[in-house]
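Structure, as structure tokens:
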Amino acid sequence: MRLIRTKDYDEMSRRAAGLIAAQVIMKPTSVLGLATGSSPVGTYQNLIEWCHSGDVSFRNVKTVNLDEYVGLDAEHEQSYAKFMHVNLFDHIDIDPANTNIPDGMASQTEEECARYDALIQSLGGIDLQLLGLGPNGHIGFNEPEEIFEKGTHRVSLTQATIQANKRFFENEAAVPRYALTMGIRDIMQARRVVMVVSGAGKAEILKQAFFGPVTPSVPASILQFHPDFTLVADEEALKCL
Ligand code: F6R
């Protein structure tokens with residue numbers, strides 16, 4: 001594991017964006033695995049700026065997102081598809097046809113999960129996967145479990161995740177109870193993994209995930225075994241070390 005310690009969220013975002021931009025400059029046909037949530041928004045803002053200034057182009061990039069809520073269509077304000085358009089895709093030169101997100105409206109979820117795994121394989125796997133860290137140690141929506149789930153699958157969101165995400169919805173009852181998420185195998189097979197973590201609220205779980213035992217009860221801990229994992233975290237998030 002490589003640790004990049006930053007002063008604050010802005011520096012974290014710049015450093016993570018730098019890693020992604022370098023990946024795309026070195027390999028313009030990169031497959032990027034992308035995340036939603038508060039943590040990567042600043043990273044995306046930097047990428048948008050550098051795309052506008054002509055420093056990086058996403059014309060030949062393909063993307064696969066980690067997850068999507070079950071029951072929200074792509075136009076729903078809180079769907080992850082919408083999030084990606086608002087926070088990144090609509091502002092860079094990517095071809096929308098090259099962006100992929102699990103279909104939360106699929107009637108056959110098992111088939112949708114199999115399709116998504118096959119899609120990742122057909123793209124040649126993920127070159128760089130960007131992650132955030134859930135308050136309970138989840139990555140994607142791989143919630144604390146007794147085993148590490150391997151491929152894309154449907155999950156019941158834990159109460160902790162529903163609580164953490166209700167800030168985006170009208171009330172707690174409006175938060176979807178299920179999601180589709182890439183599995184741990186999909187994430188671990190990415191050639192590089194970059195995680196962004198910011199703020200004191202993540203400090204305790206960051207310590208457990210990366211300086212404690214590897215266990216499916218803290219799903220992010222598996223990243224300790226990844227051969228090319230970079231943690232970009234700010235001082236507040238690192239304060240328990
Ligand atoms: C988002 C995702 C989640 C978030 C995590 C942290 O696509 O897969 O694992 O990365 O819940 O969320 P924030 O960044 O909002 O604290």
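Atoms within each ligand, like the ligands themselves, are counted from 1 in listed order. For clarity, every value in this text was computed on a predicted model and none was experimentally measured.
Ring pair Tyr80/Tyr69 is tilted by interplanar angle, where 30° to 60° counts as tilted.
For the atom pair CZ of Arg192 and CG of Asp228, the computed distance is 5.5 Å after rounding to the nearest 0.5 Å.
Qualifying side chain to side chain donor-acceptor pair (under 3.5 Å) partners for Glu75, counting only residues two or more places apart in sequence or in other chains: Lys82. Qualifying side chain to side chain donor-acceptor pair (under 3.5 Å) partners for Glu149, counting only residues two or more places apart in sequence or in other chains: none.
Near ligand 1, heavy-atom contacts under 4.0 Å come from Ala35, Thr36, Gly37, Ser38, Ser39, Leu66, Asp67, Gly132, Leu133, Gly134, His138, Gly140, Arg167, Lys202.
Here Val70 sits in one hydrophobic cluster together with Tyr178, Leu180; the rule is ILVMFWY side chains under 4.5 Å apart, joined directly or through other members.
Judged purely by atom type and a 3.5 angstrom limit, Thr6 has no side-chain atom pairing as donor or acceptor with the backbone of Glu11.
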